[in-house]
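Source: prediction; values computed, not measured.
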Amino acid sequence: MIGWLVFFFGIFLAMLGYASYRSYRKNRTSDDFIFAGSNIGTILGFLTFSAALFSAFTFMGMPDFFRTHGVGAWIFLALSDALMVFFLIWFGYALRKRATIRGYKGVAGLIKSCYGNSFAGYLVFASAFLFLIPYVSIQIRGISIFLDAAFPDMLPYWSWSAVLVFIMLIYSEIGGLKAIVYSDAIQGVIMLAVIWIIGLTCLSLAGGLEDGIAKVSASNKDLLSLPGPKGLFSSPFLIASAIAIVLIPVSQPQFTTRLVVMKSLKSVHRMAYAVGIFAILVILPTAFIGLYGAIKYPDASTADFLSQALLFDQEVPVAALAVVGLFAACLSTTNAQIFALGTELRSLLKGTDQANMRITKLSILAFSLIVLVFSTYMSDELVLLARVSFAGTSMIAPVVLGAVIFSKPPKALIGLSTIALIFFIMSIVGIVPDKYFGYPLDFLMYIILFVFTTILMVSHQKTQKQ
């Protein structure tokens with residue numbers, strides 16, 4: 001096992017090193033470092049977008065989600081991602097048009113410029129910081145759970161997290177966003193190949209799809225219907241989840257920036273279609289793994305199930321490749337989101353290009369250390385924690401959409417997004433309830449935000465015409 005691990009990790013690290021070397025430029029500006037020359041093609045674009053979107057929470061969280069909550073997990077993620085693809089086509093066009101007019105240093109900087117209001121920019125940055133830091137910590141927590149369970153005596157628990165962040169810092173420092181894009185492409189291909197190998201193996205161990213479904217039906221038939229054995233997949237939950245996922249390109253800057261740095265609008269459209277296909281391909285085998293887990297490990301803990309299904313029940317080369325694939329999946333999300341936080345901070349700075357570059361690099365280091373600390377306190381519910389992150393960042397969607405749609409957006413949207421964000425945070429910390437009248441808070445807030453945002457935008461449009 002160790003020999004195969006050394007072999008696969010050697011190849012993987014050599015590929016990352018080559019990507020960093022290809023991306024390095026001696027006399028680069030901060031724009032070259034942050035935006036990769038704004039010349040990303042379709043293939044690299046869809047691979048970096050997909051690798052950042054489908055990460056360790058997909059590789060590890062979704063099999064456990066299928067095992068625990070059943071087939072509704074497919075509706076939760078796959079259907080929502082399909083809807084996001086259609087939204088990407090319009091949003092990519094509108095965002096690139098606004099960025100061309102206003103200039104683009106980051107989402108927070110764009111919002112600040114469009115509204116002529118510094119608070120609007122800091123609101124976007126605060127939302128990203130508050131919810132991306134825990135989301136990145138989830139990824140690191142996930143890989144640490146797996147590696148610690150698989151190799152309990154090899155390294156201390158925290159060492160796995162530290163190694164991952166250290167590797168990310170090295171190649172992002174050398175090559176900037178371009179190195180991250182190349183590494184995402186590598187990691188996306190590895191993740192897709194590994195998850196299909198493991199998925200098909202698990203499906204075979206379950207006796208095939210038909211027999212596997214029959215076994216699940218005999219042991220826990222609620223897994224094969226909505227709302228699932230624990231009643232999670234209610235209509236309000238699925239609707240709210242779909243809205244939160246569809247709004248990811250609006251509210252999470254690592255995806256918004258990738259839409260801007262694409263080579264052309266045609267590349268954005270092709271990328272959107274490819275992401276939709278990738279979503280189906282990457283989620284389907286996680287259902288096979290979850291099916292196998294529901295049959296063989298229905299009562300096991302998350303760590304035990306994942307270590308058995310992804311490692312000990314596989315052939316040795318496949319198990320070693322699974323470790324590398326999981327590491328790659330976690331790395332792709334970690335670097336994308338921490339780098340995005342540095343980009344957002346830089347977009348709000350005033351000063352020389354050299355000073356801004358220095359502050360950006362230091363901020364990426366600081367964010368990485370914060371993530372390391374947070375990762376030791378996160379729970380094992382990877383998918384549900386990821387959903388909280390999606391929902392939290394989506395609360396500032398009105399202020400971003402207003403800036404993209406209008407040349408002079410209504411400033412009332414700033415107040416609306418601020419109130420929504422604060423109220424959502426209060427529900428997380430327990431100051432206000434997370435359910436009202438039997439409905440989840442985020443579901444009700446989306447209804448309220450839709451109504452008020454529509455009223456404000458329609459009223460503003462009429463005022464502009466007059």
Side-chain angles (χ1 to χ4, degrees), residues 19 22-23 25 28-29 31-55 78-107 109-111 113-114 175-189 191-192 245-283 332-333 335-337 339-340 343 347 397 400-407:
R22 285 286 306 271
S23 307
R25 285 181 57 190
R28 62 190 173 191
T29 65
D31 279 346
D32 291 331
F33 180 77
I34 294 293
F35 299 124
S38 298
N39 195 34
I40 305 300
T42 301
I43 295 177
L44 277 178
F46 112 78
L47 284 174
T48 185
F49 197 98
S50 299
L53 185 62
F54 302 104
S55 51
L79 181 60
S80 301
D81 285 325
L83 294 174
M84 184 181 67
V85 168
F86 293 100
F87 179 75
L88 269 176
I89 296 172
W90 168 81
F91 183 69
Y93 164 75
L95 173 67
R96 289 172 64 90
K97 179 181 177 182
R98 186 64 58 215
T100 301
I101 297 171
R102 290 283 186 174
Y104 188 84
K105 299 292 183 183
V107 183
L110 178 66
I111 300 305
S113 173
C114 290
L177 181 62
K178 182 162 285 188
I180 291 175
V181 168
Y182 283 135
S183 66
D184 282 350
I186 295 168
Q187 292 152 14
V189 172
M191 178 177 69
L192 185 61
I245 291 172
V246 167
L247 291 176
I248 284 176
V250 177
S251 55
Q252 299 212 2
Q254 70 272 24
F255 300 109
T256 313
T257 296
R258 278 161 171 74
L259 295 176
V260 176
V261 301
M262 295 286 289
K263 185 183 298 184
S264 64
L265 183 62
K266 182 178 287 187
S267 297
V268 173
H269 289 169
R270 290 172 177 170
M271 179 272 288
Y273 304 142
V275 167
I277 296 171
F278 192 94
I280 302 300
L281 290 177
V282 81
I283 296 170
S332 63
T333 299
N335 61 33
Q337 298 185 340
F339 197 85
T343 302
S347 72
V400 178
L401 289 173
V404 169
I405 294 171
F406 298 103
S407 57

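The heavy-atom pair separating V282 from M191 by the smallest distance is CG2-CE, 4.1 Å. Here the shortest heavy-atom pairing between L53 and M84 reads CD2-CE, 3.4 Å. In terms of heavy-atom proximity, G103 sits nearest to L110 at O-CD1, 3.7 Å. Closest heavy-atom contact between A403 and I111: CB-CD1, 3.5 Å. Here the shortest heavy-atom pairing between A397 and L247 reads CB-CD1, 3.9 Å. In plain terms, the two heavy atoms of V246 and P249 that are nearest each other are O-CD, 3.2 Å.
How far CD1 of I248 is from OG1 of T256: 10.5 Å, rounded to the nearest 0.5 Å. Distance check: L79 CG to I280 CD1 gives 9.0 Å after rounding to the nearest 0.5 Å. Distance CZ/F54 to CD/Q187: 15.5 Å, rounded to 0.5 Å.
For S347, the side chain to side chain donor-acceptor pair (under 3.5 Å) test picks out no residue, with sequence neighbours left out. By the side chain to side chain donor-acceptor pair (under 3.5 Å) test, S50 pairs with no residue at all, sequence neighbours left out. Residues passing the ring pair (Phe, Tyr, Trp, His ring centres under 6.0 Å) test with F49, sequence neighbours excluded: F255. The side chain to side chain donor-acceptor pair (under 3.5 Å) check on Q252 picks up Q254, T393, with sequence neighbours excluded. Y93 pairs by the side-chain contact (heavy atoms from CB on, under 4.5 Å) definition with K97, L265, not counting sequence neighbours. Evaluation of the ring pair (Phe, Tyr, Trp, His ring centres under 6.0 Å) rule for F87 yields W90, F91 as partners, not counting sequence neighbours. Applying the side-chain contact (heavy atoms from CB on, under 4.5 Å) rule to T100 yields no partners; only residues at least two apart in sequence or on another chain are considered.
Contacts classified as salt bridge (Lys or Arg N to Asp or Glu O under 4.0 Å) and involving residues 252-261 (residues at least two apart or in different chains) are given here: D184-R258.
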In residues 269-279, what donor-acceptor pairs under 3.5 Å come from side-chain atoms, sequence neighbours left out?
none

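The only member of V404, V400, L95 that meets side chain to side chain contact (heavy atoms under 4.5 Å, CB included) when paired with V250 is V400.
The neighbour count for L83 CG, taken as heavy atoms of other residues, nucleotides or ligands under 6.0 Å away, is above 12.
Not one N or O on the side chain of S113 forms a donor-acceptor pair closer than 3.5 Å with the backbone of G109.
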